Peer 1: 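One structure is given below, represented as structure tokens, and several questions about it will come after.
The sequence lines fix the lettering, A, B, ..., with proteins before strands; numbering per chain opens at 1. These numbers were taken from a predicted model, which means no experiment stands behind them.
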There are 2 protein chains.
Amino acid sequence: MINSIPEPAIKRLSALYQLLCRLEVSEVNAISSREIGDRLDISAHTVRKDISYLRESQTSGARYTVLKLKELIARSLNFATSRKACVVGLGKIGTAIINYSRFSSYGFDIVAGFDSNVNIVETLPAETDLFPSYMIPEIVKEREIELAILAVPFEAAQLCVDRLVKGGIKGIVNFSSALLTTDKNIVITDVDVTKELRVLSAMISLGSK
Amino acid sequence: MINSIPEPAIKRLSALYQLLCRLEVSEVNAISSREIGDRLDISAHTVRKDISYLRESQTSGARYTVLKLKELIARSLNFATSRKACVVGLGKIGTAIINYSRFSSYGFDIVAGFDSNVNIVETLPAETDLFPSYMIPEIVKEREIELAILAVPFEAAQLCVDRLVKGGIKGIVNFSSALLTTDKNIVITDVDVTKELRVLSAMISLGSK
DNA sequence: CAATATCTGTTATTTTTTTCACAACTATCT
DNA sequence: AGATAGTTGTGAAAAAAATAACAGATATTG
């Protein structure tokens, strides 16, 4: 592939994009690689290298223009076009996420919510259209939903994934503690508090890094 | 350091530990590196390599004994001794986490909850002791809390971190969208849905991996 | 009980990622 | 305008991690 950016770099650039959005709001209009590094807890070298993967020089010698750099990253990583997403599982976590209004301003439109409990679907006050879980494949396909946030109990997770895949989903953020299996071309990231606590615990013990 | 395990390996071993716990419940008592790899979506080579960092041979040639391996990992990564943790911010996410009862069975004891709203602290039904936020330094020190789950709004995050650090916290799982800064020796992992969505989005676009 | 198939543990190799070094550029101050 | 201090971009070097290869061990099957 021509434009092959290392995965760690993609993650850091995503974080950088977030930082730049903040800086824009604070009306900061220029920042150096060192300042970025301090804020993001990475080296200035890495910051510059990551930006260099985008193959479009900013004015060398001067600090980065916040707006210009933000737009370069948006263009390179396709943050410009907004993507449709859905929330599966409307328990406490799912409800909190679906009612978090700021997604759209970050380029993600939550266009559907699903739950296996029809009662919840009918009574929950939400601005988003809600459907029973068996309709996942149909709605995902119909509304061209690319991303899903999965917040169902452990036991239900795999079934939901299968339904999402059936509808043609491309990526899943998994809040359940289940270990999901699926095709290679569907990207899944796991968000598991217990796992995070464990990793922290291990890093504290081993003093790694 | 003598026992230096690469950070990616620590993360994978944590996931493996979780898998082994599941297998134990399902009464599976042996598993091969290939089967582990399939489940965790990594190569069998990597699995064996990761385990080899623990410097204690299992019976070579035979498959891994679930119980034995689980205990080896627990011993090596210090999962055996339980750690005390707290939840800061008792909004929807924080409440969901503090009421999630299974932490203790995974070696984490949630021994305190904090919120700046005294009303919430007094009225919220929870099994855990709740305190107003200004008491964080005192309680963290007193109860020897090592880990914190931070689920407060953006604006309040940094103040809470400073208070936690004052109390001697060692690690923080950050659910807020704030970019936190602190001493190098305190480990922070960020859990940000928007960031995860962005990374997924970029990976879908670039077709990386 | 021998033969075969299947495993693990670990060294060696390859690939990926980070770090370094420095030329070239920009802004600022006198 | 010259000098100085600070900055980026990037090819090269170093470090880290993933992958492969295989020796040595263990089950299993006929």
Peer 1: Please lay out, stage by stage, how B:Arg48 and B:Ser33 fare under the test side chain to side chain donor-acceptor pair (under 3.5 Å).
Peer 2: CA-CA 6 Å; B:Arg48 294 204 297 277; B:Ser33 56; 3.1 Å; yes
Peer 1: Can A:Glu146 and A:Lys170 be counted as an ion pair, charged N to O under 4.0 angstrom?
Peer 2: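 The answer is yes: the pair qualifies as a salt bridge.
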Peer 1: Is there side-chain contact between A:Phe114 and A:Cys86, with at least one heavy-atom pair below 4.5 Å?
Peer 2: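 Yes - at least one pair of side-chain heavy atoms lies under 4.5 Å apart.
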Peer 1: A cation-pi test, strictly: NZ or CZ of B:Arg163 under 6.0 Å from the centre of the six-membered ring of B:Tyr134 and no more than 45 degrees from its axis. Yes or no?
Peer 2: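 No, B:Arg163 does not lie over the aromatic ring of B:Tyr134.
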Peer 1: Does a salt bridge link B:Arg143 with B:Asp129, judged by any charged N lying under 4.0 Å from a carboxylate O?
Peer 2: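 Salt bridge: yes.
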Peer 1: If we count only N and O atoms by modelled type, under 3.5 Å, do the side chains of B:Ser205 and A:Arg83 hold a donor and an acceptor together?
Peer 2: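 Side-chain D/A pair, B:Ser205 to A:Arg83: present.
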Peer 1: Can you find a pair of side-chain heavy atoms, one from B:Leu77 and one from A:Leu206, that are under 4.5 Å apart?
Peer 2: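 Touching, per the 4.5 Å side-chain cut-off.
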Peer 1: Please walk me through it: do B:Asp50 and B:Arg12 pass salt bridge (Lys or Arg N to Asp or Glu O under 4.0 Å)?
Peer 2: CA-CA 8 Å; B:Asp50 287 349; B:Arg12 286 190 300 262; 2.5 Å; yes
Peer 1: Roughly how far, to the nearest 0.5 Å, is OG of B:Ser177 from CD of A:Gln18?
Peer 2: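 Rounded to the nearest 0.5 Å, the CD-OG separation comes out at 6.5 Å.
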Peer 1: Does B:Arg198 make a cation-pi contact with A:Tyr17 (under 6.0 Å, within 45 degrees of the axis)?
Peer 2: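 No cation-pi geometry.
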Peer 1: Atom pairs under 3.5 Å, N or O on each side, protein against nucleotides 1-7 of chain C: can you list them with distances?
Peer 2:
from: C:dC7; atom 1: O4'; to: B:Gly61; atom 2: O; distance (Å): 3.0

Peer 1: Do any N or O atoms of the protein come closer than 3.5 Å to N or O atoms of nucleotides 15-21 of chain C, and which pairs are they?
Peer 2:
from: C:dT18; atom 1: OP1; to: A:Arg12; atom 2: NH1; distance (Å): 2.7
from: C:dT18; atom 1: OP2; to: A:Arg12; atom 2: NH1; distance (Å): 3.4
from: C:dT18; atom 1: OP2; to: A:Arg12; atom 2: NH2; distance (Å): 2.8
from: C:dT19; atom 1: OP2; to: A:Thr46; atom 2: OG1; distance (Å): 3.0

Peer 1: First and last nucleotide of DNA chain D in contact with chain B, 5' to 3', at under 4.0 Å to a heavy atom: what are they?
Peer 2: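 On DNA chain D, the outermost contacted nucleotides are D:dA17 to D:dA27.
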